Protein chains: 2
Amino acid sequence: MQFPLALAIIEDQAAIRETLHDYLCAQPEFRCVLIVDSVEAFLQELPTAAGPPQLILSDIGLPGLTGIEGIPLIQELLPEAQVLMLSVYADAERVFEALRAGAVGYLLKHTPLAQLKEHLLQVAAGGSPMSPGVARFVVQAFQQQLVAPIAALPLEHLLAEPLTARELEVVRGIEDGLSYKLIAERHFVSIDTVRSHIRNVYRKLQVNSKAELLAQTLKRQRG
Amino acid sequence: MQFPLALAIIEDQAAIRETLHDYLCAQPEFRCVLIVDSVEAFLQELPTAAGPPQLILSDIGLPGLTGIEGIPLIQELLPEAQVLMLSVYADAERVFEALRAGAVGYLLKHTPLAQLKEHLLQVAAGGSPMSPGVARFVVQAFQQQLVAPIAALPLEHLLAEPLTARELEVVRGIEDGLSYKLIAERHFVSIDTVRSHIRNVYRKLQVNSKAELLAQTLKRQRG
DNA sequence: TGAAAAACCACACGTTCATGCGATAGCGCC
DNA sequence: GGCGCTATCGCATGAACGTGTGGTTTTTCA
C-alpha cells in the first residue's frame, strides 16, 4: 500500500464536510482528490478530480441519491475503490443494505476524527471497520442463521476428487428425487450403469445412501 | 454497566494464558473469576468460580472441545455471558462458524493487550469487536448476498394438512440422512412406528420416497 | 367424559438400493 | 503401444425402503 491514499468525501452538511476535510486532508497518509456534497456531484465531478480515489468516505443521508444508492453507481466507474459509510443511522436494516450494496465498513458519525483516520487506514489494509454497535447487528445476523455457512458453491470445488460430468448428471437426477430406473431412462443408459456411477459418487463424497447424499446437499445449501 | 466486569479466560497455552491473566486481571475494569485451559475445565470449575462470568475470552484451538464447540455449552449454563473469540486462525469458515455458534466478536491473537482490553469493554457495551481482516470476511458474506433476505419457511405453513410434531421429527431425521433404524433409535420408538409416521408424511406431502421428500425440501430451500 | 387425533406397535410383501464381483470399449497422453 | 481414466454393462446378494393390513395406548379437547 503506497501513501498517500487518494481519498474522496461525500457529505452534504457543510460543517461536517469542512471538519472532515480539514482534518483528513492535513494527514500525510491521505490525498484528497474530491470533496462533494452529493452522489450526483461525485459522479459528475469525478473526471475533473485530481485522480481516481481509492477510498471513499460517504454519508448515507444525502439529498437526491442516498449514499447507499450511490455505491453501485460509484463502483461501476471505480471498481477498485472502497466505500466506507459514515452515518448517523444505527439501525440494522440500513447497515445490512449498505453492506449488501458494497460498502466495506460502516461508522457512526460520533466517531472521533483520530479513530476515523485509523479506520480509513484499516480499510486500505483490507479491513472492515464498524462502530461497535453496528458490528453487533452484523454478528446477530449470523447468529440468527441468516447467513449461509460458506459459499454455497458447486460441490465439485470442495472435493479433492472432482466428479465427472456423468457422475454429476446422476447426482442431479437424485436431487430431483428420481429412482435409479428413471435416471437411467433420462440419460438412455442401463440401470446398472447408473449404479456404477452412484458407486463412484458415494466413494468420492463419502456417503453411503441417497439420503446421506441429499442430506449433504441440503447442508451445503443452508448450513 | 457496572465495574468490575466478571471475566473468564479459556486458553491452553500457558504463556499466553499467563500474559492475558497478568494484564487483564490487573485492570480495575475486570475481575477475573475463572482462568482455565479447556472448555471441559471451564464447565467443570464453573461452580467453584468466584462468580458467574459476564465476559468470556476464549481461544479456538483447544485440546478436547474447541472454543467454537464450547460456546453453546457455555451459553446453556450462562445465558447472559458474552463470548469473545481469540484465535490464530483467520479463515472465513472458522469465523462464520464461531459467530453462528454464538460468539459476539472475533479477534486475532496478535492483537495488542491494550486493544484487547478496549475490545472487551466494547463487548460489555454491546459492541462486536473484530480484527480488521476478520470483519472483511463478514462484510463479504453480505456482499455475496449470502444473507437471507427473508427467512425460508417451514414447510408446515405451506400445507393444507399440517405435519404433527412426531412427523416433523422423522422428517428431520430423514433430512439428516438417517435410516429408519437410526431415526427409531434417536426417538426411542420402534422402526415400525417410524414407518407409520413416514407413511403419513408421504401422504401429506404427496411424495413416495425419501428421495422425493429430500428433493422437495431442496427445492423449497433454493426457491 | 367421550370421541377424535396422535402416537405407538406388528407382520408381510414386493421394490429399490448398496455394494461386491466382474467385463468391454473409447479416449488422451507420454 | 501401453497406461490410466471414463463410460458402459452384467449379475448376485443382503439390506433398506414403501405400502398394505391390522391393531393398542395416550393425549387432546370439545
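In what follows, chains are A, B, ... by sequence order, proteins preceding strands, each numbered from 1. What's counted below: heavy atoms across the whole structure, side chains too, no hydrogens, waters or symmetry copies. Everything numeric here is computed off the predicted structure, so don't read it as measured data.
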Can A:S190 and A:T193 be said to form a side-chain hydrogen bond (donor to acceptor under 3.5 Å, both in side chains), step by step? CA-CA 5 Å; A:S190 88; A:T193 299; 3.3 Å; yes
Could you check which of C:dC8, D:dA7, C:dT16 has an atom nearest any side-chain atom of A:S179? C:dT16
Would you indicate which nucleotide in D:dT19, D:dA7, C:dC11 comes nearest to any side-chain atom of A:A165? D:dA7
B:L182 CG to D:dA15 P, in whole Å, measures 15 Å
On DNA chain C, does the nearest nucleotide to A:A211 precede the nearest nucleotide to B:V189 from the 5' side, or the other way round? Give the residue. B:V189
Can you tell me how far P of C:dA5 sits from CD of B:E167, to the nearest Å? 13 Å
Please state how far atom CG in A:D192 lies from atom C1' in C:dT16, giving the value in whole angstrom units. 13 Å
Just compare C:dC8, C:dT19, D:dG20 and give me whichever is closest to any side-chain atom of A:R199. C:dT19
Taking A:Q54's backbone N and O only, do any of them form a donor-acceptor pair with A:Q82's side chain (distance below 3.5 Å, no angle check)? no
Looking at every strand, decide which applies to A:S209 at a 4.0 Å heavy-atom threshold: base, sugar-phosphate, or nothing. sugar-phosphate
D:dT19 P sits how many Å from B:R203 CZ, rounded? 12 Å
What's A:N208 touching, base or sugar-phosphate or nothing? Going by heavy atoms closer than 4.0 Å. sugar-phosphate
Specify the separation, in whole Å, of atom CG of B:L213 and atom C1' of C:dT16. 17 Å
Just how far, in rounded Å, is P of D:dG14 from NZ of B:K181? 17 Å
Does B:E69 CD have over 12 foreign heavy atoms under 6.0 Å away? yes
Among the nucleotides C:dA10, D:dT19, C:dA7, whichever has the atom closest to the side chain of B:S190 is C:dA10
Measure CG/A:N200 against P/C:dG20 and give the value in whole Å, please. 11 Å
Can you identify which nucleotide, out of C:dC9, C:dC21, C:dC17, has its nearest atom closest to the A:R195 side chain? C:dC17
Spatial distance of atom OH (B:Y106) from atom CZ (B:R94) [nearest 0.5 Å]: 6.5 Å
If you look at every heavy atom in B:P53 and B:L78, which pair is closest and at what distance? CG-CD1, 3.7 Å
Does A:H197 place a side-chain N or O at less than 4.0 Å from the phosphate oxygens OP1/OP2 of D:dT8? yes
In whole Å, what is the span from the CD1 atom of B:I198 to the C1' atom of D:dC17? 10 Å
Looking at B:T193, I'd like to know whether one of its side-chain N or O atoms comes within less than 4.0 Å of OP1 or OP2 on C:dC9. yes
